[in-house]
Amino acid sequence: MSLASLLVLADGRLPSGGHAHSGGLEAQVSAGRVRDLDAVAGFLRGKLATAGLVAAAFAAASCARPGEWASLDQGLDSRTPSPALRKASRAQGRALLRAARAMWSLPPVGRDLHQPVALGVVAHAGGLGPEEAAVAAAHGTTSGAASAAVRLLGLDPYAVHGLLARLTADCDRIAADAAARAESPVDDLPAAGAPLLDIGAELHATWEVRLFAS
Amino acid sequence: MRARSRVAAESDGRGGTRLAVLRSESPLLLRRTGPHTVHLVGGGAGPLRGDDLRLDISVAPGAALEILSVAAQLALPGQAHLPQSRLEIHATVASGGTLRWWPEPMIAAAGCNHLTVTRVDVAEGGSLLWRDDLVCGRHGEDSGDVRTDTTIRYAGSTLYRHELSVGPHAPGWSGAAVLGDGRAIGTLISAPGAFPATAGPGDFAVMPLAGPGMLATAVAPDIRAVQAALDPLGKPTATLTH
């Protein structure tokens with residue numbers, strides 16, 4: 001395991017298209033549900049416990065058994081009822097694979113993988129293990145939304161990064177659990193859902209003008 | 001309390017449905033109330049901590065079964081030293097069979113600790129409508145802990161896999177990603193898909209799943225708004241007659 005490889009993979013400056021997505025926050029800001037730092041904190045905590053947990057589990061599983069990318073990808077399809085979120089996840093997976101092909105030697109995989117499955121495949125190719133893939137996935141589900149919060153609400157970036165720092169223990173715990181379950185059958189992997197993320201993504205997709213793709 | 005209840009519907013060979021098995025143990029009491037309707041009538045308060053309940057449903061080719069309930073289920077605390085209450089529902093629908101599950105809501109009373117596990121397997125050519133509503137706390141009350149764990153398979157593939165955790169031990173459940181200020185949520189799954197995709201008004205969306213099915217979800221401050229959004233998509237017309 002190379003710590004430096006993990007930093008390269010989890011770096012927000014990796015050109016994998018993440019900056020175009022608010023992780024569902026824009027829809028909730030527009031709904032009036034998120035106006036201040038406390039509400040961002042509640043959003044991030046719930047997102048990490050649901051979408052973050054699932055992304056970490058699938059990144060770990062895909063890193064542990066990259067040859068099973070197709071069934072893992074289908075597993076995420078069944079956990080993502082919103083077509084807008086499936087589309088956003090596949091767009092980010094595609095962008096990640098494109099960036100990663102210039103970094104490491106990837107095995108043959110489908111072009112349009114869900115982002116967490118792509119992340120696991122890429123982590124494996126970069127010599128990382130399931131727990132590193134999972135921690136990058138868990139962190140990624142909150143860091144994108146946090147930076148979107150700064151842009152959407154004009155919040156203090158120091159305070160928002162403080163929220164991310166307070167979630168690191170949860171990210172580590174989720175990643176350790178995900179790694180421990182990396183060999184589980186696909187149906188047994190976590191499936192924690194977040195109804196307002198699903199509904200918000202569908203409403204957001206109907207807007208004519210928006211700052212973020214999702 | 002431990003209960004094992006079971007209903008098996010099969011074709012009567014004349015276009016109707018015969019209940020080959022209708023066996024129930026309190027508090028999961030089943031009563032036939034119509035040509036293809038069974039009501040869960042409830043036989044006591046709960047589920048309470050320590051309860052271990054299981055309902056098995058099977059629908060054979062050519063049979064149609066609808067399961068309703070006469071009242072909401074109220075998940076209650078019970079004795080603190082007992083394990084969480086557990087309700088498992090296992091259903092199979094054969095090709096040419098129809099199952100409509102449309103019970104009244106589950107209410108998570110303050111202090112409860114409950115798990116509902118749902119496993120539904122629909123063969124290709126079978127038809128399913130599956131409704132689940134959850135209310136987080138009675139009026140003016142904090143929510144207890146409830147987790148729902150649902151898997152719906154269609155034609156041998158997992159169509160829908162979903163868990164939802166609410167209550168004081170579910171991180172961020174009342175944040176803007178999960179339920180926000182919503183204290184009621186309803187879901188309706190149809191497999192194969194039977195209603196048109198739409199989003200809004202309010203926190204309501206009808207979503208085409210990746211496989212052959214649709215999910216309608218509504219989140220609202222109270223159950224009435226959830227029912228107003230979801231009921232028009234297929235509320236059963238059968239009424240309790242005896």
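Each chain gets a letter, A, B and so on, in the order its sequence line appears, and its residues count up from 1.
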Review point. Chain B: which of Ala191(A), Ala145(A), Pro83(A), Ala49(A) shares the most heavy-atom pairs with it under 4.5 Å?
Key: Ala191(A)
Practice item. Indicate whether any N or O donor in one side chain lies under 3.5 Å from an N or O acceptor in the other, for His21(A) and Ser214(A). Key: yes
Point to revise | Over 12 non-hydrogen atoms of neighbours within 6.0 angstrom of CG in Asp112(A) | key: yes
Point to revise | Donor-acceptor pair between Asp145(B) and His169(B) side chains, under 3.5 angstrom | key: yes
Check your understanding: So which of Pro190(A), Ser78(A), Ala194(A) has the biggest tally of heavy-atom pairs under 4.5 Å with chain B?
Key -> Ser78(A)
Check your understanding: Considering only heavy atoms, which portion of Leu209(B) lies under 4.5 Å from any heavy atom of chain A: side chain, backbone, both, or neither?
Key -> both
**Study point:** Greatest number of heavy atom pairs closer than 4.5 Å to chain A - which of Met207(B), His162(B), Arg161(B)
**Key:** Arg161(B)
Check your understanding: At a heavy-atom separation under 4.5 Å, does Arg86(A) approach chain B through its side chain, its backbone, both, or neither?
Key -> side chain
Exercise for review: Using non-hydrogen atoms and a 4.5 Å limit, figure out which bit of Gln28(A) sits close to chain B: side chain, backbone, both or neither.
Suggested key: side chain
**Study point:** Contact class of Thr50(A) relative to chain B, heavy atoms under 4.5 angstrom
**Key:** side chain
Exercise for review: Against chain A, work out which of Asp203(B), Leu164(B), Val219(B) has the most heavy-atom pairs shorter than 4.5 Å and name it.
Suggested key: Asp203(B)
Point to revise | Atom group of Arg153(B) that falls short of 4.5 Å from chain A, counting heavy atoms | key: side chain
Review point. Side chain, backbone, both or neither: which part of Asp38(A) has a non-hydrogen atom closer than 4.5 Å to chain B?
Key: neither
Point to revise | Contact winner vs chain B - Asp77(A), Val40(A), Thr80(A), Val186(A), heavy-atom pairs under 4.5 Å | key: Asp77(A)
Check your understanding: Is it the backbone or the side chain of Leu189(A) that comes under 4.5 Å from a heavy atom of chain B, or both, or neither?
Key -> backbone
Practice item. Can you label the angle between the His204(A) ring and the Trp207(A) ring as parallel, tilted or perpendicular, going by 30° and 60°? Key: tilted
Check your understanding: Does Pro103(B) offer a backbone N or O that forms a donor-acceptor pair with the side chain of Ser69(B) under 3.5 Å?
Key -> no
Point to revise | Pair Arg86(B), His114(B): side-chain N/O donor-acceptor within cut-off below 3.5 Å | key: no
Practice item. Could you tell me which of Arg33(A), Gln74(A), Arg45(A), Lys47(A) has the largest number of non-hydrogen atom pairs under 4.5 Å with chain B? Key: Arg33(A)
**Study point:** Ala178(A) versus Ala60(A), closest heavy-atom pair with distance
**Key:** O-CB, 3.7 Å
Revision key, fill the gap. Counting heavy-atom pairs under 4.5 angstrom with chain B, the leader among Leu196(A), Leu48(A), Asp170(A), Asp198(A) is Leu196(A)
Check your understanding: Pick from Thr158(B), Thr151(B), Leu215(B): which one has the most heavy-atom pairs with chain A under 4.5 Å?
Key -> Thr158(B)
Point to revise | Considering all heavy atoms, the nearest Ser127(B)-Pro192(B) contact | key: CA-CD, 4.3 Å
**Study point:** Donor on one side chain, acceptor on other, His139(B) and Glu141(B), under 3.5 Å
**Key:** no
Check your understanding: Using a distance-only test with no angle check, is there a side-chain donor-acceptor pair under 3.5 angstrom linking Ser82(A) and Glu202(A)?
Key -> yes
